[in-house]
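Here is the naming used below: chain letters follow the sequence lines, and residue numbers restart at 1 for every chain.
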Amino acid sequence: MEAKYNSKAVEDKWYAHWMEKNYFHSEPDEREAYSIVIPPPNVTGILHMGHMLNNTIQDILIRKARLEGKNACWVPGTDHASIATEAKVVRMLREKGIKKSDLTREEFLEHAFAWKDEYGGKILNQLKKLGASCDWERTAFTMDETRSEAVIQAFVDLYNKGKLYRGLRMVNWDPEAQTVLSNEEVLHKEETSLLYHVKYQIEGVNDYLTIATTRPETIMGDSAVAVHPDDPRYTHLKGKNVIVPMVDRVIPIIFDDYVDIEFGTGALKITPAHDINDYEIGKRHKLEVIDVINDDGTISDAAKVFVGKDRFEARILVKIALKESGNLVDTENYTHSVGRSERTNAVVEPKLSLQWYVNMESLAKPALDAVVSDEVEFFPKNQKNLYKHWMENIRDWCISRQLWWGHRIPAWFYNEEVYVATTAEEALNQAKAKTGNTDLTIDDLKQDEDVLDTWFSSWLWPISLFDGFKSREEIDYYYPTSVLVTGWDIIFLWVARMVMAGYEWENKRPFNDVYFTGMVRDKQRRKMSKQLGNSPDALGLIDQYGADGVRFGMLSSSPAGGDLLFEEKLCEQGRNFSNKLWNALRLIEGWEIDKSKNSNQIDDLASKWFDAKFSTVIAEIDKNYKEYRLSEALTTLYSFIWNDYCSWYLEMIKPPYGEGIAADTKTQAKKFYEKICTVLHPFMPFITEEMWHIIKERNEGEDCIMSTYPQAKYGNSEILSQVEQAKDVISNIRDIRNKNGLKMKEELSLFAIKSTEMEVFVNAEGIEAMIVKLGVLKDITITADDKINGVSFISRTEQFIVGIEQSLDIGAEIEEKEKELKYQIGFVASIGKKLSNERFVNNAPESVVESERKKHSDGTARIKILTEEIERLKGM
RNA sequence: GGGCGAUUAGCUCAGUUGGUUCAGAGCACCUGGUUUACACCCAGGGGGUCAGGAGUUCGAAUCUCUUAUCGCCCACCA
């Protein structure tokens with residue numbers, strides 16, 4: 001075996017082996033199902049740290065379930081990511097000199113599919129490097145046939161139930177992608193821009209009314225100027241008009257209590273086409289809607305001036321024009337919230353538009369109840385509030401998008417009538433029935449040009465992956481899925497909607513639990529991004545530290561819901577751990593068996609102790625799993641393996657230099673290690689598989705990935721307690737050596753001060769030998785003689801003295817013991833006070849009182865020992 | 001503007017229904033150690049008025065109130 005573990009040499013080998021054995025594939029059977037659906041990454045995406053974290057967690061859970069003998073099924077797939085992918089394709093085409101507007105829908109889609117075929121799904125292959133044990137035979141795509149059918153079915157079903165409608169409303173328009181966006185796709189951020197004070201001449205009077213606006217380029221679309229009805233400054237303007245600068249249009253002054261008297265001059269320009277509030281006011285006052293901005297963000301013909309200029313260029317041009325005409329009073333810096341498109345970062349334009357909406361209110365009710373009652377349980381819990389708040393204030397979901405890459409809306413128009421159906425033929429039949437015209441052909445119908453919001457396919461994911469709209473077999477077995485692992489940032493976009501879809505179509509929750517991961521950030525808490533260059537190359541990390549090392553790094557510091565501040569150092573720790581594991585294996589494997597030997601007292605004691613300890617650790621890890629405290633489970637395991645197994649157990653049973661080991665002892669050590677491999681496997685699948693194969697005396701065809709996860713059982717608490725004290729004694733001896741500059745190899749004598757407890761402890765099977773071995777002692781003498789030249793220490797309530805040759809610094813020793821004594825006296829006094837307090841004794845649980853009594857008597861015993869020890873030292 | 005959450009060692013975080021006069025890890029730091037698995041290591045060590053204040057309680061990092069700082073979400077203020 002190599003001295004250093006080489007991850008590169010083994011990882012690909014085992015992944016291929018698992019694939020070959022088809023371990024990841026699952027079909028319904030009589031076992032309990034454990035299913036997870038992957039949050040589908042963008043089809044053109046590449047693996048980044050967020051994916052690594054998220055998918056490592058899913059893999060851990062699925063592997064654990066598999067080891068427990070469940071039917072584990074993790075379904076992978078990708079999302080067509082309508083707007084994001086279309087934007088990428090458009091950019092790619094532009095670089096080739098092709099404009100989207102020059103292409104037909106069919107031509108564009110051809111390009112898009114070609115792009116998808118070339119770049120799509122790369123990310124899934126990258127997940128394999130990470131060790132993801134997905135059922136690749138089930139790999140799905142949100143636009144594949146089954147998923148597309150589900151989308152159409154869902155749309156038609158909602159329409160037939162009256163939960164879907166077309167409406168003319170103010171929407172969020174992305175002028176760059178030239179599509180409408182849902183509220184959830186608009187990100188609001190504080191930005192500083194200018195607030196322009198512009199004066200409008202009052203018609204027929206040589207006087208002006210000054211308004212404040214952040215959007216002077218919409219002045220051409222003004223339909224009125226509004227003031228508050230109770231504003232004394234403007235009561236005289238009732239019935240008057242003002243003249244819009246630049247275009248000289250006459251518009252009324254209206255009175256509406258929406259206006260805030262305090263703000264600016266108390267006068268507000270009303271542009272119903274470009275502001276949601278202005279639109280509402282416009283409706284109340286029956287104002288004209290003048291749309292001065294085109295879909296691409298340029299100024300429209302209706303504006304009459306600056307036609308064709310981009311809206312931001314126009315803003316500057318308007319400013320200049322207003323300045324020249326003397327209408328610009330002044331400008332000031334102004335910080336306000338600006339909405340930008342999540343995907344293109346373009347400033348969103350409010351726009352009046354006819355779109356398809358899902359009526360959410362009826363869908364929200366069961367979905368809200370499910371989470372409030374923990375039928376769908378959130379980890380961590382605090383995300384419930386966020387969810388609840390959103391659900392209680394839910395608004396209708398705009399689902400149509402003016403894009404080509406996506407599911408085309410199954411709605412056909414004929415004579416102003418809309419026919420919603422799963423196929424054009426059905427729509428035609430509907431149209432024939434409705435109009436009575438049996439001569440209609442498909443060509444007479446015109447299908448809606450728009451596609452559906454990406455999330456309209458995503459919200460069906462847990463259902464559509466198991467073909468819930470067509471076949472019952474799989475969905476009845478795998479649904480509800482066991483857990484969803486995703487980031488909290490898409491709780492509304494995705495999680496909430498999946499819950500709604502689950503109840504709408506399956507009448508059941510889509511998943512039992514939701515584990516929200518945090519965001520992966522860098523050490524300065526910045527989001528990982530390409531621009532900042534702070535996003536490590538995921539595959540490079542795997543190459544450098546091994547997939548196991550990286551998985552360790554991702555997990556060792558990522559509590560559910562909390563952000564993960566990623567540093568490479570974490571992966572380094574993972575790699576070091578791999579190395580530690582590897583070397584422990586080398587040690588065991590390297591032991592020569594000495595046939596003349598049987599396991600000795602220490603070996604037997606060590607085995608019993610370690611077995612007991614293992615049980616408590618498994619129980620603890622199980623508990624951590626149940627609460628999705630994976631990071632803690634891993635930390636527990638790490639420290640158990642490193643400290644208890646390597647530093648203590650192996651040292652206990654290690655044969656003296658040059659000697660062989662008893663066959664039983666070696667076998668036992670290997671059995672423990674084999675079990676460790678299984679328990680650690682979900683976290684570090686590759687190295688555990690490799691080591692398991694080296695150490696396990698196995699039947700042909702067995703693998704760690706399919707081994708049996710151990711059950712927690714009760715450990716022998718007496719042995720546990722004895723060995724823990726022995727460890728304490730050994731640590732004390734080492735400490736004294738260290739402080740007194742004694743060599744580690746030098747054998748010392750240990751004196752144990754005679755008492756009944758001491759005799760029981762030291763004479764317990766194997767204890768003395770163990771202390772002698774690990775403490776590197778000549779011997780242990782139980783004695784009543786207290787005139788020994790040495791340094792004393794107390795373990796629990798027993799006193800020991802480490803005999804040393806050189807003379808002691810008695811003054812320093814006394815000082816230390818006195819300090820310790822003072823502390824113990826205070827300690828005992830404080831507990832004594834507590835115990836003499838009736839309210840404590842009466843109110844505190846019996847177990848607490850009992851443990852306080854024990855502490856009190858132990859403390860008293862230590863005081864006695866210390867007092868005598870100080871006397872003894874003084875007498876030396 | 002409304003809501004939620006955080007504040008514990010130099011750094012990142014645990015601390016699970018309130019129960020020690022040792023508040024735990026990892027990293028970092030300090031001391032000593034290497035022919036006998038591992039320097040990607042071993043044996044030890046220092047370091048914290050649990051953000052400040054007040055309260056409830058026999059007992060508070062943990063519960064309540066308050067102040068401060070930070071973070072996040074939601075919302076149509078020009």
Identify whether any heavy atom of [X] sits under 4.0 Å from a base atom; if not, whether one sits that close to sugar-phosphate; answer base, sugar-phosphate or nothing.
X      : value
A:K855 : base
A:R395 : sugar-phosphate
A:H336 : sugar-phosphate
A:L268 : base
A:G826 : base
A:E820 : nothing
A:V841 : nothing
A:R586 : sugar-phosphate
A:L587 : base
A:K739 : nothing

[X] side chain: which of [options] is closest?
X      : options             : value
A:F827 : B:U20, B:C74, B:C13 : B:U20
A:K580 : B:C77, B:C40, B:C41 : B:C41
A:N385 : B:C77, B:G5, B:C27  : B:G5
A:W642 : B:G44, B:C40, B:C41 : B:C41
A:D735 : B:C76, B:G45, B:A43 : B:G45
A:N576 : B:A37, B:U16, B:C41 : B:C41
A:E627 : B:G26, B:U16, B:G19 : B:U16
A:K834 : B:A39, B:A14, B:U20 : B:U20
A:R629 : B:A14, B:C27, B:G19 : B:A14
A:Q573 : B:G26, B:G5, B:U12  : B:G26

Take atom C1' in B:A39 and the same atom in B:U20, then report the distance between them in whole Å.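 Looking at atom C1' only, B:A39 and B:U20 are 39 Å apart.
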Taking the P atom in each of B:G2 and B:C29, what is the distance between them to the nearest angstrom?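 One P to the other, the span is 47 Å.
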A:F378 six-ring face occupied by A:K384 cation (under 6.0 Å, within 45°):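 Ring-cation test returns no.
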Taking CD from A:E567 and P from B:G26, how many angstroms apart are they, rounded to a whole number?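 Value for this atom pair: 15 Å.
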Mind calculating the distance between CZ (A:F566) and P (B:C27) to the nearest angstrom?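 In whole Å, B:C27 P lies 16 Å from A:F566 CZ.
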Of the options A:Q824, A:K817, A:K822, which is the one that meets A:E820 in a side-chain hydrogen bond (donor to acceptor under 3.5 Å, both in side chains)?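 It is A:Q824; the other options fail the test.
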Give a yes-or-no answer on whether the side chains of A:T192 and A:N333 include a donor-acceptor pair shorter than 3.5 Å.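 Per modelled atom types, A:T192 and A:N333 side chains form no pair under 3.5 Å.
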Donor-acceptor pair between A:T635 and A:E632 side chains, under 3.5 angstrom: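 No, no side-chain donor-acceptor contact under 3.5 Å.
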With both distances kept under 3.5 Å, what pairs with [N], Watson-Crick or G-U wobble?
N     : result
B:G48 : none
B:G71 : B:C4
B:G24 : B:C13
B:G55 : B:C63

Does any non-hydrogen side-chain atom of A:M49 lie less than 4.5 Å from one of A:M554?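 A:M554 reaches A:M49 side chain to side chain.
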Under-4.0 Å side-chain N/O to phosphate OP1/OP2 contact, A:R734 with B:G44: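 Yes, because at least one side-chain N or O of A:R734 sits under 4.0 Å from OP1 or OP2 of B:G44.
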I need the single residue from A:V776, A:L748, A:V791, A:I733 that forms a side-chain contact (heavy atoms from CB on, under 4.5 Å) with A:L742. Which is it?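 Only one of A:V776, A:L748, A:V791, A:I733 forms a side-chain contact (heavy atoms from CB on, under 4.5 Å) with A:L742, namely A:L748.
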Hey, is A:R215 close enough to A:D275 for a salt bridge, meaning N to O under 4.0 Å?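 The answer is no: the pair does not qualify as a salt bridge.
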